[in-house]
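Contents: one structure, followed by commentary.
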Amino acid sequence: MGLASRMPIERLSADTTGARVAEILARDGAVIVERLVPRAMMDRARAELEPYVQATAFGNDPFAGRRTRRTGGLLLRSPTCRELVMHPLALEATRASLADASSFHLHLTQVIAIGPGEPGQTIHRDQWAFDFFPFPPGYEVQCNTIWAMNDFTAENGATRVIPGSNHYEDRREFTHADCEAAAMPAGSVIFYNGSVYHGGGPNESNETRFGINITYARSWLRQEENQYLAVPHDVARTFPEDLLRVMGYARGAYALGYVDDLRDPLEVLLGRKVSDDGLGDLAKANEKARAPLS
């Protein structure tokens, strides 16, 4: 069933706040922040990841995209992507969007390269990845981002979104005619939650559309990308502690993820005591999770 009318995707400038992003996400399910990072930063990420993208096979079904490459492991492969994962606005917006969660962690990292001739992806909700569990209306479990590595246009496969569909009932079906294209210049980012209906757009141009998908989720949910195997331990030990905690080397929802005798997973990884400094509210939210069980 189509929609009688469509809402535009609201756009914010780079000086916005995480609270403002979260406010619009709660209302519309999606919002674009234009030119949040310089185009040169996206070019640097593209150069770091190009060999891996070219070595990635195209998708083997229509949903993944038979002319689309999906390249993960970005924390291992791209120092620039580590910066994007820890971008202050991304963390602030996630923290505000999932304000009732005791903590959150990184859910996935992925370059999505939509090649010429790729038809539009099936319109879906990302939270369906959790076995189509019917989360209560208004209960958000994810805060997602797609960063534009090159300019996103309606012709080259810009992500399509139905603003306001985060309030719709589950399992609905839509077409791309119901959607708005998230056209935006390189260095911009679209934030969207797990309940908004969206999909990769059809690429009717002669160029490939490159986007970086970075998603955060409540820390009691299993990560889509296994961060502990995607980044070898000897490499992970070189990362800053705050990045490691966002990756999932922290107990979440009070007791989840501890090692043997209630040891902190980050202390086990690093082989030493660690501090809680450097991540502000997220570290404070996790503090009660490190108290021993009684």
Side-chain angles (χ1 to χ4, degrees), residues 18 22 72-110 126-127 129-131 133 135 139-145 193-194 212-294:
L74 305 191
L75 289 181
L76 173 66
R77 295 166 166 174
S78 170
T80 302
C81 287
R82 296 171 207 160
E83 297 179 44
L84 294 178
V85 167
M86 298 301 293
H87 192 282
L89 184 64
L91 295 180
E92 289 168 11
T94 299
R95 190 175 296 119
S97 181
L98 306 179
D100 61 339
S102 61
S103 59
F104 61 86
H105 58 192
L106 186 65
H107 187 57
L108 67 85
T109 65
Q110 188 179 82
D126 275 357
Q127 67 187 35
F130 299 110
D131 207 21
F133 184 82
F135 294 105
Y139 183 78
E140 296 300 336
V141 295
Q142 295 173 264
C143 184
N144 309 330
T145 65
N193 56 34
I212 296 176
N213 184 195
I214 297 171
T215 294
Y216 311 87
R218 293 174 183 266
S219 57
W220 59 268
L221 290 164
R222 183 171 183 175
Q223 293 157 300
E224 187 166 334
E225 181 184 35
N226 189 316
Q227 301 301 326
Y228 320 106
L229 295 179
V231 181
H233 288 175
D234 59 340
V235 177
R237 291 186 184 102
T238 69
F239 288 0
E241 289 182 15
D242 55 357
L243 174 56
L244 290 170
R245 289 201 178 278
V246 171
M247 284 175 65
Y249 287 99
R251 282 192 273 183
Y254 184 75
L256 302 179
Y258 68 78
V259 180
D260 51 56
D261 305 323
L262 305 183
R263 288 192 295 162
D264 186 306
L266 186 53
E267 293 185 354
V268 173
L269 174 72
L270 298 180
R272 58 175 172 78
K273 287 290 185 181
V274 296
S275 72
D276 291 337
D277 297 331
L279 202 54
D281 292 344
L282 180 58
K284 292 177 183 177
N286 273 325
E287 184 172 351
K288 65 179 180 181
R290 283 185 285 280
L293 292 171
S294 58

(request) State, to 0.1 Å, how close His105 and Gly248 come at their nearest heavy-atom pair, and which atoms those are. (result) CB-CA, 4.2 Å
(message) Let me confirm one number: the CG-CD distance from Leu266 to Glu241, rounded to the nearest 0.5 Å.
(response) 5.5 Å
(message) Testing the basics here: between Ser219 and Gly252, what is the closest heavy-atom pair and its distance to 0.1 Å?
(response) OG-CA, 3.4 Å
(message) Do His107 and Asn213 have side chains that approach each other closer than 4.5 Å (heavy atoms only, starting at C-beta)?
(response) no
(message) For the OG1 atom of Thr109 and the CE atom of Met247, what is their distance to the nearest 0.5 Å?
(response) 9.0 Å
(request) Provide the closest heavy-atom pair for Ala253 versus Ser103 in the form atom of the first, atom of the second, distance. (result) N-OG, 3.8 Å
(message) Tell me whether Arg77 contacts the main-chain N or O of Gly72 through its side chain, where contact means a donor paired with an acceptor under 3.5 Å.
(response) yes
(message) Show the nearest heavy-atom pair for residues Val85 and Leu91, with the distance to one decimal.
(response) O-CD2, 3.8 Å
(request) With rounding to the nearest 0.5 Å, note down the distance linking CG in Leu98 to OH in Tyr139. (result) 8.5 Å
(message) How long is the straight-line distance from CD of Glu225 back to OG1 of Thr215, given to the nearest 0.5 Å?
(response) 10.0 Å
(request) Mind checking the CD-CG spacing from Gln110 to Leu74? Nearest 0.5 Å is all I need. (result) 8.0 Å
(request) Report the C-alpha distance between Tyr228 and Gln223 in whole Å, list the side-chain angles of each, state the deciding distance to 0.1 Å, and finish with yes or no for side-chain hydrogen bond (donor to acceptor under 3.5 Å, both in side chains). (result) CA-CA 10 Å; Tyr228 320 106; Gln223 293 157 300; 2.9 Å; yes
(message) To the nearest 0.5 Å, what is the distance between CG on Leu108 and CG on Asn144?
(response) 7.5 Å
(message) In terms of relative ring orientation, are Phe135 and Phe130 parallel, tilted or perpendicular, with 30° and 60° separating the classes?
(response) perpendicular
(request) Locate the shortest heavy-atom distance separating Pro265 from Ala250; write the atom from each residue and the value. (result) CG-N, 3.6 Å
Give the table of side-chain donor-acceptor pairs shorter than 3.5 Å for residues 229-240, with sequence neighbours excluded, one pair per line with atom names and distance.
from	atom 1	to	atom 2	distance (Å)
Arg237	NE	Leu269	O	2.7
Thr238	OG1	Val235	O	2.6

(message) Ignoring hydrogens, what is the shortest heavy-atom contact between Ala96 and Gly18? Give both atom names and the distance.
(response) CB-O, 4.0 Å
(message) Are the side chains of Leu106 and Leu75 in contact, using a 4.5 Å heavy-atom criterion?
(response) yes
(request) Can you sort out the partners of Glu267 under side chain to side chain contact (heavy atoms under 4.5 Å, CB included), two or more places apart, ordered by chain and number? (result) Asp264, Lys273, Val274
